[in-house]
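As the structure is a prediction and not an experimental result, all values here were calculated from the model. If you read the sequence from its start, that first residue is 1, and numbering goes on from there.
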Amino acid sequence: MAVELNHTIVHVTDKAASARFYAEMLGVDSPAPFGHFLTVALSNNVTLDFLDARPSPSPQHYAFLVSEDDFDAIYGRIRERGLTHYADPMRSRPGEINRNDGGRGVYWDDPDGHLLEIITRPYGGG
């Protein structure tokens, strides 16, 4: 039996703003309503389902495997927006990217403090 992640719920303080932020940063289609969620579809048929949460949600970590070209585009948007970014999840190397596993990676925060990551190689893939 094949097991695939279908969706995950992202708890945020403003689902419209957050869903739009993710769609814009990742360069994917605009959010779509589904019940009381706003969904952002990724290319592997997984959706991020945004839900307003009160009080403020606990920070989570979301990592996205992207191509080299997509990395350049997303990293460009991070820099254009002046978002603080890091080479590591401990946030000890600000303004840098990493070259782990022969690829590239970078971390940054979403509006609710969730730690986002893009990588061009899966961990252990180098």
Trainee: Go through the steps to decide whether V10 and S18 satisfy the test side-chain contact (heavy atoms from CB on, under 4.5 Å), and finish with yes or no.
Mentor: CA-CA 9 Å; V10 182; S18 290; over 6 Å; no

Trainee: With the threshold set at 4.0 Å, does a side-chain nitrogen-carboxylate oxygen contact exist between D72 and R104?
Mentor: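 So D72 pairs with R104 through a salt bridge.
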
Trainee: Can you give me the closest heavy-atom contact between I97 and F71, atom names plus distance?
Mentor: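 Scanning both residues completely, I find the closest heavy atoms to be CG2-CZ, 4.1 Å.
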
Trainee: Apply side-chain contact (heavy atoms from CB on, under 4.5 Å) to Y22 and L42, showing your working.
Mentor: CA-CA 10 Å; Y22 278 65; L42 306 178; over 6 Å; no

Trainee: Which atom names give the shortest non-hydrogen contact between F50 and A19, and what distance separates them?
Mentor: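 In terms of heavy atoms, the two residues are closest at CD1-CB, 3.6 Å.
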
Trainee: Output all residues satisfying side chain to side chain donor-acceptor pair (under 3.5 Å) with R93, sequence neighbours left out; order by chain, then residue number.
Mentor: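 For R93, the residues satisfying side chain to side chain donor-acceptor pair (under 3.5 Å) (neighbours in sequence not counted) are E96.
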
Trainee: Output yes when a side-chain donor or acceptor of H36 lies under 3.5 Å from a complementary backbone atom of D52, and no otherwise.
Mentor: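 Side chain of H36 to backbone of D52, a donor-acceptor pair under 3.5 Å: no, none is there.
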
Trainee: Any heavy-atom pair between the side chains of V40 and T47 that's under 4.5 Å?
Mentor: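 Side-chain contact under 4.5 Å: no.
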
Trainee: Measure the spacing between CG of D14 and CZ of R20 and express it to the nearest 0.5 Å.
Mentor: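 One finds 7.0 Å between CG of D14 and CZ of R20.
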
Trainee: Would you find more than 12 non-hydrogen atoms of other residues, nucleotides or ligands less than 6.0 Å from D29 atom CG?
Mentor: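 Open: at most 12 neighbouring heavy atoms sit under 6.0 Å from CG of D29.
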
Trainee: Can you find a pair of side-chain heavy atoms, one from T13 and one from P57, that are under 4.5 Å apart?
Mentor: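 A side-chain contact under 4.5 Å exists here.
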
Trainee: Could you measure the distance from the CG atom of N6 to the CG atom of N44? Nearest 0.5 Å is fine.
Mentor: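 The CG atom of N6 sits 10.0 Å away from the CG atom of N44.
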
Trainee: How about E117 and H61: do any of their side-chain heavy atoms sit closer than 4.5 Å?
Mentor: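 With C-beta onward as the side chain, the pair touches.
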
Trainee: Is V28 linked to I119 within one hydrophobic cluster, defined over Ile, Leu, Val, Met, Phe, Trp and Tyr using a side-chain heavy-atom separation of less than 4.5 Å?
Mentor: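 No, separate clusters.
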
Trainee: What's the separation between atom OG1 in T120 and atom CG in D69, rounded to the nearest 0.5 Å?
Mentor: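 If we round to the nearest 0.5 Å, T120:OG1 and D69:CG are 11.0 Å apart.
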
Trainee: Do L48 and F64 make a side-chain contact, defined as non-hydrogen atoms from C-beta onward lying under 4.5 Å apart?
Mentor: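 With C-beta onward as the side chain, the pair touches.
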
Trainee: Are side-chain heavy atoms of P122 and L65 found at a separation under 4.5 Å?
Mentor: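 Yes - at least one pair of side-chain heavy atoms lies under 4.5 Å apart.
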
Trainee: Keeping the roles fixed (side chain from T39, backbone from A32), state whether a donor-acceptor pair exists under 3.5 Å.
Mentor: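 Yes; at least one donor-acceptor contact below 3.5 Å.
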
Trainee: Pair D110, Y62 - check side-chain contact (heavy atoms from CB on, under 4.5 Å), show working.
Mentor: CA-CA 10 Å; D110 83 354; Y62 299 98; 5.8 Å; no

Trainee: Do D109 and R91 have side-chain heavy atoms sitting under 4.5 Å apart?
Mentor: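 Yes, close enough: below the 4.5 Å cut-off.
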
Trainee: What closest approach, in Å, do A23 and P31 show between heavy atoms, and which atom pair accounts for it?
Mentor: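 Scanning both residues, the minimum pair turns out to be CB-CD, 4.0 Å.
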
Trainee: Closest heavy-atom contact between H7 and D49?
Mentor: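 Minimum heavy-atom separation between H7 and D49: CD2-OD2, 3.3 Å.
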
Trainee: Are I78 and M25 close enough that some pair of their side-chain heavy atoms sits under 4.5 Å apart?
Mentor: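 Yes, side chains in contact.
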
Trainee: When you measure from the side chain of N98 to the backbone N and O of A87, does any donor-acceptor pair fall under 3.5 Å?
Mentor: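 A pair under 3.5 Å: yes.
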
Trainee: Between D88 and S92, which heavy-atom pair has the shortest distance, and what is it?
Mentor: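 For D88 versus S92, the nearest heavy atoms are OD2-OG, 2.6 Å.
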
Trainee: Do F21 and D112 touch side chain to side chain, with heavy atoms closer than 4.5 Å?
Mentor: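 A side-chain contact is absent here, since even the closest heavy-atom pair is not under 4.5 Å.
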
